[in-house]
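For reference, the structure is listed below as structure tokens.
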Amino acid sequence: MFGKEVRWNRLFHTPSGRLVTLAIDHGSAYKFDLPEPLARIQETVARFHEELPDAVVAQRGAFGELLRPFAGRVPLILQAITLTPSRQDDSYLVATARDAVDLGADAIAISIYVGGETQKQGLRMVARLVRSARRFGLPLVAHVYPLGREFASDPYSERGVLYSARAGFEVGADMVKVHYTGDPESFRRVVERTPIPVVAAGGPKLETPLEVLRMARDVMTAGARGLTIGRNLWGDARPAALLRALKEVCHRGVSPDEAYRGYEEG
């Protein structure tokens, strides 16, 4: 469908063909206590008005005044689900493909969890959303995480991440976002064995900006199409400077150390 091709090309608009996506889509998942940057969401998002991310993924409530400065400048991805903080392996739909089109989104995302009791309902949600997204020519990004009891002991294992990526592919997603396994060699095997584009989640909070830049370098080295990053970006003291450094690493192949020097210099 031509419309889907148009939206896909808008999404992957960078010369490198890779994405550094700002994630502000799961505020309600934080154990009923929002981190300060998410609690002050207007101020946090405003810090990216000049240094633009390659894309933004957000809940439908953000599509309005909050994201207005990005409209027509940055591809927007609508997150279709929300979470229950007391049940991190569960999710439920709160938006539709038609909502995404009406809001001007270039893609729709859905987060599910595999390896446990909620896998069945999660994959069914993705399959239904795939069908409706195709009718509107809308790319679908499946965020698939191995948080069920089968993978609970190590949700970042190659085994669990590869299974997650395969599950998203098999139900018809156009792209999958998965945990980063922690090293480029194992993640490369995940990327190579997944027939659709793979992007990495930003993961748990890292200690320093340099660690974030090194993770980005390793994800790109593994052949991923991008990085979708939340707390490790908006949680930084200087998020716009870190975003600039991340884009240097992901798009230009600048070393983490060199990008970090630019970050420190402002």
Side-chain angles (χ1 to χ4, degrees), residues 1-14 17-26 28-29 53-64 66-67 70-83 89-114 118-145 163-179 191 194-201 224-228 230:
M1 180 181 287
F2 185 70
K4 186 172 184 179
E5 182 179 349
V6 169
R7 293 183 179 94
W8 186 261
N9 288 341
R10 282 203 298 250
L11 191 61
F12 286 99
H13 64 283
T14 64
R18 296 168 176 164
L19 291 175
V20 179
T21 300
L22 170 65
I24 52 168
D25 56 334
H26 285 319
S28 60
D54 299 324
V56 178
V57 57
Q59 298 281 354
R60 62 184 298 167
F63 283 72
L66 189 64
L67 294 183
F70 299 114
R73 303 172 69 200
V74 175
L76 302 177
I77 305 168
L78 176 65
Q79 175 59 259
I81 65 95
T82 192
L83 305 168
D89 66 337
D90 201 6
S91 61
Y92 42 96
L93 283 169
V94 292
T96 66
R98 180 56 189 262
D99 291 331
V101 172
D102 289 347
L103 291 167
D106 292 292
I108 191 165
I110 179 170
S111 301
I112 65 161
Y113 308 92
V114 295
T118 64
Q119 174 171 321
K120 181 178 179 180
Q121 69 189 51
L123 291 177
R124 280 179 171 172
M125 282 197 303
V126 178
R128 293 191 190 105
L129 196 58
V130 164
R131 286 192 290 270
S132 58
R134 282 179 176 165
R135 288 198 294 271
F136 290 103
L138 192 67
L140 183 138
V141 186
H143 302 181
V144 190
Y145 305 117
Y163 183 85
S164 300
R166 177 54 60 90
F169 159 69
E170 289 189 348
V171 291
D174 298 292
M175 181 165 63
V176 287
K177 185 184 89 166
V178 294
H179 284 160
V191 172
T194 304
I196 57 177
V198 175
V199 296
R225 290 293 297 273
L227 180 69
T228 299

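Quick caveat: nothing in here was measured; it's all calculated off a predicted structure.
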Phe63: what forms a ring pair (Phe, Tyr, Trp, His ring centres under 6.0 Å) with it, not counting sequence neighbours? none

For a side-chain contact (heavy atoms from CB on, under 4.5 Å) check, start with the C-alpha distance between Ile81 and His143, then their side-chain angles and the critical distance, and finish with the verdict. CA-CA 10 Å; Ile81 65 95; His143 302 181; over 6 Å; no

Please table the atom pairs, donor to acceptor, closer than 3.5 Å between any side-chain atom in residues 91-99 and protein atoms at least two apart or in another chain.
residue: Ser91; atom: OG; partner: Ser111; partner atom: O; Å: 2.9
residue: Thr96; atom: OG1; partner: Arg98; partner atom: N; Å: 3.4
residue: Thr96; atom: OG1; partner: Asp99; partner atom: N; Å: 3.1
residue: Thr96; atom: OG1; partner: Asp99; partner atom: OD2; Å: 3.1
residue: Arg98; atom: NE; partner: Asp102; partner atom: OD1; Å: 2.9
residue: Arg98; atom: NE; partner: Asp102; partner atom: OD2; Å: 3.4
residue: Asp99; atom: OD2; partner: Arg60; partner atom: NH1; Å: 3.0
residue: Asp99; atom: OD2; partner: Thr96; partner atom: N; Å: 2.9

If you define the side chain from C-beta out and look only at heavy atoms, does anything of Arg10 sit under 4.5 Å from Arg7? yes

What I'd like to find out is whether the side chain of Phe169 reaches to under 4.5 Å of the side chain of Val144, using heavy atoms alone. no

Are Val199 and Thr21 close enough, and set up right, to give a side-chain contact (heavy atoms from CB on, under 4.5 Å), and what steps lead you there? CA-CA 10 Å; Val199 296; Thr21 300; over 6 Å; no

Closest approach of Pro75 and Asp106, non-hydrogen atoms and distance? CA-OD2, 3.2 Å

Quick one: closest heavy-atom pair of Val114 and Ala167, and the distance? CG1-CB, 4.2 Å

Report yes if some heavy atom in the side chain of Ser164 is under 4.5 Å from a heavy atom in the side chain of His179; otherwise report no. no

Between NZ on residue Lys4 and CG on residue Leu138, distance to nearest 0.5 Å: 8.5 Å

CG/Asp174 to CG/Leu140 distance, rounded to the nearest 0.5 angstrom? 6.5 Å

One pair to check against side-chain contact (heavy atoms from CB on, under 4.5 Å): Leu11 and Ile77. What are the steps and the verdict? CA-CA 9 Å; Leu11 191 61; Ile77 305 168; 3.9 Å; yes

When rounded to the nearest 0.5 angstrom, what distance separates NZ in Lys177 from CG in Leu19? 12.5 Å

Exam field: side chain Gln79 to backbone Ala58, donor-acceptor pair closer than 3.5 Å: no

Let me see the working for Ile24 and Leu67 under side-chain contact (heavy atoms from CB on, under 4.5 Å), right down to the final yes or no. CA-CA 11 Å; Ile24 52 168; Leu67 294 183; 4.3 Å; yes

Throw together a table of side-chain donor-acceptor distances under 3.5 angstrom for residues 120-137, partners on residues two or more places apart or in other chains.
residue: Gln121; atom: NE2; partner: Asp90; partner atom: OD1; Å: 2.9
residue: Ser132; atom: OG; partner: Arg128; partner atom: O; Å: 3.4
residue: Ser132; atom: OG; partner: Leu129; partner atom: O; Å: 3.1

